[in-house]
Every structure is written in structure tokens, then in C-alpha cells.
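Data block below; observations after.
Note: hydrogens, waters and symmetry copies are ignored here, and every other heavy atom, side chains too, is used. Source: prediction; values computed, not measured. Letters go in sequence order (proteins before strands), and every chain restarts at 1.
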Amino acid sequence: MRNVWLIAKREYIERVRSKAFVITTVLVPLIVAGLIVIIIFSSNSEAAGKHIAITSNDAAFAQAVQARMTHGKKNSEMRVDVYAPATDADHAHLESEMNQKKIEGVLTLTVKPGVVQPTATYESHDAADFVTTGILEDAVDRATTERELAGRGMSAAEVDTLLKNVHIETLQSRNGKVEKSSAAGTFWTAYLMAFLLSFTSVMYGMNVGRSVIEEKTSRIFEVMLATVRPEEMMAGKLIGVGAVGMTQLLIWIVGAALLLASPMAVRAMSNGFTVPINGLEVFLFCVYFLLGYLFNSVLSAALAASVSTEQELNQFWPVNVIPIWISFGMISYIITNPNSWLSVAVSLFPPTAPIVMFLRMGARMPPAWQILASVLLLALSIFVMIWLASRIYRVGILMYGKRATLPEIVRWLRYS
Amino acid sequence: MPTVALAHVSKTYDKKVAVNDLSLQIEPGTMFGLLGPNGAGKTSSIRMMIGMTVPDSGAVTLFSKPFERSSLARVGYLPEERGLYKKMKILDQLVLMAQLHGLDAKTGANRAQQWCERMQISEALPKKTDELSKGMQQKIQFISTVLHDPELVIMDEPFSGLDPVNTTLLQDTLLELKAAGRAILFSTHRMDQVEKLCDQICLIDHGTAVLAGSVRELKARYPRNHVVVEFAGSDAFLRDPMIETARNYSGHAEIKLKDGADAQVLLRQAAAEAKIYKFDLKEPSLEEIFIQTVGGRVDA
């Protein structure tokens, strides 16, 4: 055990002292925070600065559409000019403005007597983005509905009341208690945690693989194996690199906790956006992180022991990444069908269990026996992987040259 | 009792016989040379001595006992390729190696300082491995091998990368270790080193021992029919019929006489045709014996 501790300590200290550790610890949260800010900023000013013209044969309708398009904080910076009724000279002028990029596009509305729906076309210089098209459709729909209701005798105030959005307050029943919940919050929390789980367990798993390659190519193994058993080397490496991962995770969790306590986050959450996570889920997150990391890193150690260069190791990258793709690909299905047979099966399958089980927990806490079963299956698969990996490791680390074939690796399993 | 002994040891990898019925033993206070062409089985034999691999048959004895892992604390191993962490500081690496051999960190650090002073490389301690030259790395590798004062020191090409000054320094250090009662085994292609340093040698070819014994006894089996001549002037005497082979390196000639040839006749011939500075009659060098025995498949 002393040797395992010494090797683990070396791995840990060398890695946390490295520039790469500092950069990823600081940079990754900054990038994530930056992305969130960009998403929020861009969603708040989707239509900022857009200049559009409306031409129509019905001035009142065109003005109603103009009012809807500039209504609300999101769209308040849109500029909308109305040409109604529009002459040929107006059309020619607008065509020229569009070509000179002084306006984004022209919305042409034609209202026919006795026909409820106007015909609408939007001509623009660039391909119309879905955000702008969405704003135009909303505005035209709303103006059409208002006109029809007003035509049947409703006042403007009555129309406003009738067409107001109905807000559904979401509640969640947990352990006999009913609490407020946020569907968006649930989704994004689960997504963020799944991202962290996948990113860190694969990254640190590959770090173990790279460390094995480094020691193999620099022949450190030959020196170490004169004193230390291969199993001790592998165990020390797994513990050391895993401890680095846990350290980084802890820094990020503390950072996230501080961020959630910040005024900006408090303001966001007062608008109904909550972060639905409790102590048990944080504990299980750590358990699944550890198990997922061990699974990936033992696999990476075995693969690295069977090759001689980092380039050859990178060819095995899909082996680590495919379970993540499957898990993320199913995220919407799992959130909406957390207890279907498919979700249950994938949450018990060891390579996908850590991420999928956590996604299920975000939507609805699975039965305790399923969580226990997935942890036990994962632990069992890790033990089997360790047995296989240590045999491959013991022989492979002293083999140099071309990459070992599968029959050769099977033979290594039989060597004592 | 021998420090280490291999008794009828064999090892096969797939269909390749790496070591075939090899027996050797190394006594305390002696230096043992393990020689052979590339792929002869030297590294395979060494790996079995230190338990990295297990023989298919035969026995390995270490410190008079069948091999056990606990004995490795008394062994120092220097592999052929340098095995140092590139980005780790030298002092930290030496302390780690000391700790893995059972010393505490403080003792390891003190011994690292002492050895670096002895090997004239103290300036390397705060640096990282990739900041050092090949020769300096080799010296550090050697220090990591002997830091824990092992009773058995096994080295594969220990002089690799060293200039003449550091080669002499290392040779002197090995002789001091030998005088202190350590058993030293080194595997090398440098025949000149072996002749100078080793008490016993074993020459392996295709996994089998083809020559074994003390250097003196081995060389005595061969007649004194090798001559080294240093001269200036005409090299016509090198074409004398009594000479079997002659290699002339700009006035330094290495000659092998035919059986029955009289070296005195050659001396008179050479003196008559050239100015002679040195005429050295001796038995063949270990390199000559090596080449003769393994049939010229040696890499210089």
C-alpha cells in the first residue's frame, strides 16, 4: 500500500502543479459561464438593430403588425417602417435599400375582403433567420386575431385580456411534499451535471491512458517495475489521477455554489428559474463520477498498455466516447420518459449508467433498488475490467513496437 | 554464497526462445559482464533476475533465497534506456525512487545531495529531466540506482551517452562499490570496459551461454598471436605472409599472426621498413574473442 500511496501522491502533485490543471480549472467554468451569458444576451436582443419595412394595401392592418413587432423589451430596438398603400416607386426604393443593406427585408401583406388570413411574403437580402421569421409570424397572427375579434364587437381591452398567455405553475411531488419546480431548471441542471460527468470522467480516463503511454515511451516502467508491482503502479495512477479530478470537481462545485448565491443568479431564479438539486443528488453525483471515472480510466490503462504511442491510443477514442453520445442522444427521451423500459435498461448498462441514471434522477427519482443495481453492476464491471486490465498491463507495458492485435492480447491474459 | 544465481533458466515468448538453459552466478564484491549481440537474451535474463518476468523453467536465487519481491529493496537496476519523468524535478525523482526502495524522504534527499556531489552533478538537482543533456540524465539514472545502497547493482549499458571524463568517473565509482563488497552486473557492448572492469563474464548468443568464466582465464585459452604496432613510414611489412589479418588505422596497426608465426621476425621486418614506436604482443582482445565466437554479428 505504501508504494500505491507514493505513486498516487506523485501523480497528484505533478498534475495539480501543472499549467494544464490551472488552465482547465479556470478556463472551463469561464467558457461555460461565457456561453451562458452569450445565450442570455443573444436571446434578449434577438431582434436588436433589425430594420424592416412593411408594405400593404391595408394601412391599419400594417400599423397593427408594426405595433406588435416593436412591442415588448425583446423587440423594442427593432425599426419598422410602414408603406401602406405602397406604390411602385416605394417598392423600387425598398428594393434599392435592401440591396444597399440599409434594411433587412420587406414584409408584404395583402388583405382581401372577406378572407380572414392575409397573404404574407418576406423578402430579404440574406436567408431569413428563424428568429426573425418567428417574430413576423407572431406579429401577423396577433394582428389578424385582434382585427377579427374587433370586427365581432370586442373592445381593445377585452381583446388584450382574451389573448394574454396562460402561465402554468409547475409543482413536483417528492416524498409526500409538494414543491415548486421548474421544467427548464430541471432540464438544464440535468444537462449540466451530465456534461460535467461525461467531460470529466472521459478526460481523466484519457489522462490515465496518456500517463501510461508517457511511462512506456520514456521507459520509466523498466525502472519502476524493478521495485513496484504492475498492479500497484496501475492502482497508484488511478487513485492519483482520480484525486485530481475530484479536486477540480470540488473547485467547480464551490464556484457554482458561489455563482448561485450571486445577485445575477438570485435575480434569474426569482423569475421562476430554479436549480432543483438536493444533497442526496449531489452525493450520488459524486458516486457516479467516481464509478464512471474508474470505468473509463481502467479501460484507458489497458488500451494504453497495448499500444506504444499516443497516436495509437487516440484511435481508441470512440470506445470512451460512444457511450456518451448514446446517453446525450437520449436526453430528451429520458427526461420525458424516465421510467420506460428503455431508460431503465440504459441506466443499468455500465458504460452509460453514470450519465443516464443521473438524467433520470433529474426528472424523477428512480426506485432505490434500481440505483443500487446500477451501482452494483458498475462496480462489478469495474472489478472485471481491473482483472483484465492488470493482466494486459503487466505484459503490455514491457512490449514495444507495433500495436498488439486482439489474439496477442488474449494470449497476454493467459501469461502469469 | 552468490548474491544472485540463475540455474538452468529458460524463457520462451510465443515460439521465440529468448533464454535457453542458462546458468550463472555472481559473487559479492565482484563485477560481472553479461555480453552478447542484440537480441541474444541479455535483457530477458536480467528481467528474470529482478522478477519482472518469470522463467518457464529453472530457478532464480537472490541473496541465497528463491526470488521474493522483498529482496528487491536490496537491488538497484539501471535499464538500457533512460527511465526518468521528463517534467519532474531531479531531486523529487531521486527522493521518490529512494522512498520506493524503503527509505524515508529526508534520508533520500540527503543521499541524493551526496551522490550528486560525488558524481559532480549537483547543479542538476533543481532542474527538470528534459533540461539535462543525455550524459547528465545517465548520471542521474545511475544515482537513482545506487541511492538506497543496494547489495546487487544491475546495469544495462551504463556508459551510454557519457563522455570520456564521465566514463572514467563512473568506472572509478563502480570500482569503489565493488571494493565495498557490492555485486555488480552489467550488460554492455563495450569490450574495452569489460576487459578493464570485469572479473567474470558470460557471453550469450541466441539465449545460450557460449563463453563463461573469468576474463583472465578466457583470454589465456587463446595464443598470444595478436600484435599492436604503432609506427611511421612504410606499411609494407603489413603484407608479410606470416600475417593472417591486419588493420591499419593511420599508423596504428592491429595484426593477427598465422599459427606458428614468430612475432620477433615480424618485429625485425617492421623495424627495417618503418620507424616503430610501439610493438605490443598479446592474446586476442575480448572483442576479437567475441567476434570469433558469435561469427561477426556484433554491432560496434
Side-chain angles (χ1 to χ4, degrees), chain A residues 1-21 210-233 236-237 240 308 310 393-401 404-405 407-412 414-416, chain B residues 11-15 43-44 46-47 49-56 69-89 92-105 108 128-130 137 140-142 144-145 147-148 150 152-156:
Chain A
M1 274 312 290
R2 183 170 182 262
N3 289 344
V4 171
W5 160 248
L6 285 169
I7 291 167
K9 193 172 121 185
R10 187 214 87 87
E11 289 284 344
Y12 182 82
I13 289 173
E14 290 300 308
R15 282 177 193 283
V16 294
R17 272 189 201 165
S18 70
K19 281 185 197 149
F21 176 81
R210 274 190 217 103
S211 176
V212 169
I213 289 283
E214 185 206 349
E215 289 179 350
K216 202 171 168 180
T217 51
S218 61
R219 307 284 175 134
I220 291 167
F221 274 134
E222 299 223 28
V223 175
M224 299 292 270
L225 287 178
T227 323
V228 181
R229 284 179 205 277
E231 294 82 6
E232 288 174 324
M233 285 198 71
K237 202 176 289 299
S308 298
E310 202 166 317
Y393 191 86
R394 195 184 309 152
V395 181
I397 53 177
L398 293 173
M399 301 284 189
Y400 300 95
T405 60
E408 273 175 74
I409 293 174
V410 171
R411 270 198 295 279
W412 294 357
R414 290 197 232 116
Y415 283 152
S416 63
Chain B
K11 183 74 179 175
T12 303
Y13 292 103
D14 286 334
K15 295 187 181 90
T43 302
S44 300
I46 288 173
R47 283 179 176 176
M49 278 182 209
I50 54 176
M52 260 196 232
T53 54
V54 176
D56 296 331
R69 285 212 72 85
S70 55
S71 301
L72 290 178
R74 298 154 73 185
V75 178
Y77 173 56
L78 176 72
E80 183 176 357
E81 304 272 350
R82 273 166 289 282
L84 297 167
Y85 289 104
K86 286 194 176 60
K87 299 290 177 192
M88 198 172 171
K89 285 189 187 150
D92 292 341
Q93 290 201 65
L94 292 176
V95 169
L96 173 65
M97 292 312 295
Q99 287 179 297
L100 288 172
H101 281 105
L103 301 180
D104 61 87
K128 294 182 185 170
T129 304
D130 57 5
Q137 288 180 23
I140 294 296
Q141 190 82 65
F142 171 75
S144 75
T145 307
L147 202 56
H148 56 291
L152 170 62
V153 180
I154 300 176
M155 298 176 291
D156 208 335

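- Contacts of B:Asp92 with chain A are made by side-chain atoms alone, with heavy-atom separations under 4.5 Å and no backbone atom involved.
- For B:Leu84, the part lying under 4.5 angstrom from a heavy atom of chain A is the backbone only.
- When each of B:Gln93, B:Lys89, B:Lys87 is checked for a side-chain hydrogen bond (donor to acceptor under 3.5 Å, both in side chains) with B:Thr129, only B:Gln93 meets the rule.
- In this structure, A:Arg10 satisfies the cation-pi test against B:Tyr85, with its NZ or CZ atom closer than 6.0 Å to the six-membered ring centre and inside 45 degrees of the ring normal.
- Neither the backbone nor the side chain of B:Glu80 has a heavy atom closer than 4.5 Å to any heavy atom of chain A.
- When the shell of 6.0 Å around CZ of A:Arg229 is examined, it contains 12 or fewer heavy atoms from other residues, nucleotides or ligands.
- Taking A:Arg210 as the reference, A:Glu310 meet the salt bridge (Lys or Arg N to Asp or Glu O under 4.0 Å) condition, with sequence neighbours excluded.
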